[in-house]
Amino acid sequence: MAVTLRPISALESLKFAGLSITVNQDIPQGHKIALTEIPAHTNVIKYGYPIGHTLVDINPGDWLHTHNVKTNLDRELHYTYQQDIHQVNYPKKELTFQGYRRPNGKVGIRNDLFIVPTVGCVNGTAEYMLKEFEALHPDFGTFDNITILKHPYGCSQLGEDHENTRSILIDAVKHPNAGGVLVFGLGCENNVVAEFRELLGDYDSTRVKFLVAQEVGNEIDAGLELLEEIYEAAKNDHREAIPISELNVGLKCGGSDGFSGITANPLLGAFSDFLIAQGGSTILTEVPEMFGAEQMLMARAENEKVFEDIVHLINDFKQYFRSYGEPVYENPSPGNKAGGITTLEDKSLGCTQKAGTAPVVDVLQYGEKISKKGLSLLQAPGNDLVASSALAAADCHLVLFTTGRGTPFGSFVPTVKVATNSTIYNHKKHWMDFNAGPLLEKTMEEVLEAFIEKVIAVASGEKTRNEANGVREIAIFKTGVTL
């Protein structure tokens, strides 16, 4: 099969790879066209792997999609460790970005001020407080962004849900992009501020302050006083040259289309390999979008323990679906299908290309922070904001986000939107940061060089579209029971 680079009309004649083909139906851009006869119940090959099987006999020139192709994924698999590792070989370059060196040795690419509600009840009060503070500091002063990490949780939660909320918020408080944090509670929630402070461990008391609304007379005035103290502590912060080896980068896709696996995702894979060759780190998540391509990742495990961790990562998420009576393979989304993605294997084989070819060195549970240099996998769902928030919480300085359909969202760290095609890039320039569409005409080396420059510019302070648009959000994975 081949992927259409433009819409193709029925009866149009095409020449491709020495073949002459007459198109049998109208085929949208980014969709698949059969190059040969494919008998019913035969695998369809894309990216060198099966993406499903045909339901009927296919003729050359037929449109291949959900009406005549079905996933092969219908059961849990038994995995064996068959290592297939290829070390990345990009030359070492002495590249730096302008970042903030923190007293604890970590590095940030932003000097942001976070207001972190421990419970959703104070979200509105935090907004009012922020307006008052911004009136006093209309240019944000030393801070690049001021963000309230609004969420609806922190009370009436049990077990894993409660732990997830607390873990992600603690991760945000300790993020190196935060130049200062006000932890803001109500006073009667499950997510008790005193316990939250204990779980933080070591923190800079000049940069991290705590406020419980029910314990003060006027919480707005009290909050403004604490924000001023944080402002004074951070006002002399400055950027300095930092080796690119200290960058942690999250890899994410959403609103994918038929171009995702041939332009933007391979670009992120090449960047991931490049950064790892420089001594840096990347994280791949969206576990359900590894289904169908997981054995490729397992073969890249640097040792048997990492292999077993990947097996558990995959099987535990499948069991999560089954425990709620949900189908494991009810994916891709309607938008994905409209963009040309037919089955979960099709989506996954394109999705995992964001991780390049480097060995997998670690597997992180939801809420855990990165601990090893190189490529790690992270437990999180496919939901765009939940997964991007998990990457940010794991100490990714920024998230690289590929999309063929477009999205305005952004996490609480800079979220670089990479368009898979020039059409969506030109249509939504106020959402997009980089266009991978030229990969259809240019070499990977040319586009990668420009992309590396873009990432360094963002790491050095250039605002992403989501930052410029004031879209900075957090979403927490909800898995269980509420009171």
Side-chain angles (χ1 to χ4, degrees), residues 100 102-106 108 110-130 133 143 146-234 237 365-371 389-390 392-395 412-413 474-477 483:
Y100 295 93
R102 303 302 183 191
N104 64 2
K106 288 190 175 184
R110 292 291 183 271
N111 212 35
D112 284 354
L113 174 60
F114 294 159
I115 299 177
V116 179
T118 57
V119 64
C121 305
V122 297
N123 287 344
T125 305
E127 286 184 323
Y128 185 80
M129 185 190 303
L130 179 55
F133 183 75
F143 297 115
I146 305 178
T147 306
I148 304 170
L149 301 187
K150 292 184 288 185
H151 61 90
Y153 304 129
C155 202
S156 301
Q157 290 184 293
L158 296 173
E160 190 175 2
D161 271 359
H162 177 61
E163 292 303 320
N164 284 347
T165 296
R166 195 157 57 181
S167 295
I168 294 298
L169 295 180
I170 286 172
D171 287 343
V173 172
K174 301 179 76 171
H175 198 283
N177 282 2
V181 181
L182 175 62
V183 178
F184 185 25
L186 178 58
C188 53
E189 62 269 27
N190 290 59
N191 194 14
V192 180
V193 171
E195 295 176 2
F196 187 93
R197 186 191 324 222
E198 284 294 315
L199 291 169
L200 271 179
D202 292 334
Y203 65 90
D204 185 344
S205 61
T206 67
R207 303 296 186 107
V208 180
K209 303 290 183 179
F210 301 87
L211 174 64
V212 179
Q214 292 173 350
E215 295 178 359
V216 297
N218 187 314
E219 66 278 1
I220 302 296
D221 291 343
L224 289 173
E225 287 183 18
L226 294 173
L227 290 174
E228 286 295 337
E229 291 177 17
I230 296 169
Y231 182 89
E232 284 298 313
D237 291 350
Q365 295 302 302
Y366 183 76
E368 286 188 335
K369 287 187 177 289
I370 192 169
S371 60
S389 297
D395 269 5
F412 64 93
V413 300
I474 189 171
I476 300 168
F477 192 25
L483 290 171

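The CG atom of L224 sits 14.0 Å away from the OH atom of Y231 when rounded to the nearest 0.5 Å. Going from atom OG of S156 over to atom NE2 of H162 covers 11.5 Å, rounded to the nearest 0.5 Å. We find the CG-CG distance between D202 and N104 to be 9.5 Å, quoted to the nearest 0.5 Å. Taking CG of N164 as the start and OH of Y153 as the end, the distance is 10.0 Å to the nearest 0.5 Å. Interatomic distance, D161 CG to N190 CG, rounded to the nearest 0.5 Å: 11.0 Å. The OG1 atom of T165 sits 11.5 Å away from atom CD of E189, with the distance rounded to the nearest 0.5 Å.
In terms of heavy atoms, A222 sits closest to V216 at CB-CG2, 4.2 Å. Shortest non-hydrogen contact noted between C155 and C188 is SG-O, 4.4 Å. The minimum heavy-atom distance between A172 and L149, with the atom names listed, is CB-CD1, 3.5 Å.
No side-chain heavy atom of R197 sits less than 4.5 Å from a side-chain heavy atom of V183. A 4.5 Å side-chain heavy-atom check between E229 and E232 finds every atom pair outside the cut-off. Side-chain contact check for D237 versus R207: some heavy-atom pair is nearer than 4.5 Å. No side-chain heavy atom of F210 sits less than 4.5 Å from a side-chain heavy atom of L226. The shortest side-chain heavy-atom distance between I148 and I115 falls under the 4.5 Å cut-off. Put simply, the side chain of L227 reaches to within 4.5 Å of the side chain of M129, judged on heavy atoms. At least one side-chain heavy atom of P176 sits under 4.5 Å from a side-chain heavy atom of D395. Using a 4.5 Å cut-off on side-chain heavy atoms (C-beta onward), I170 and Y203 make no contact.
Few gaps surround NZ on K369; more than 12 heavy atoms of other groups in view lie less than 6.0 Å from it. Atom CD of Q214 has more than 12 neighbouring heavy atoms from other residues, nucleotides or ligands inside a 6.0 Å radius. Within 6.0 Å of the CG atom in N218, the count of heavy atoms belonging to other residues, nucleotides or ligands exceeds 12.
Screening F184, F143, F412 against F114 for a ring-ring contact (aromatic ring centres under 6.0 Å, His included) leaves a single residue, F412.
With respect to the salt-bridge test (charged N to carboxylate O, under 4.0 angstrom), the residues D204 and R102 do not qualify.
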**Asked** Hey, mind stepping through E127 and K150 against side-chain contact (heavy atoms from CB on, under 4.5 Å) and telling me if it holds?
**Response** CA-CA 9 Å; E127 286 184 323; K150 292 184 288 185; 2.5 Å; yes
**Asked** Would V212 and T118 satisfy side-chain contact (heavy atoms from CB on, under 4.5 Å), going step by step from the backbone distance to the final call?
**Response** CA-CA 10 Å; V212 179; T118 57; over 6 Å; no
**Request:** Output, in order, the C-alpha distance, side-chain angles, deciding distance and verdict of side-chain contact (heavy atoms from CB on, under 4.5 Å) for E228 and F133.
**Result:** CA-CA 8 Å; E228 286 295 337; F133 183 75; 3.8 Å; yes
**Request:** Let me see the working for L113 and I146 under side-chain contact (heavy atoms from CB on, under 4.5 Å), right down to the final yes or no.
**Result:** CA-CA 5 Å; L113 174 60; I146 305 178; 3.9 Å; yes
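Judged purely by atom type and a 3.5 angstrom limit, Y366 uses its side chain to pair as donor or acceptor with the backbone of F477. Here the side chain of H151 pairs a donor or acceptor atom with the backbone of P117 at under 3.5 angstrom. Side chain of S389 to main chain of A475: a donor-acceptor pair is present (N/O by atom type, distance under 3.5 Å, no hydrogens or angles).
If you check the side chains of T125 and E219, you find no donor sitting under 3.5 Å from an acceptor.
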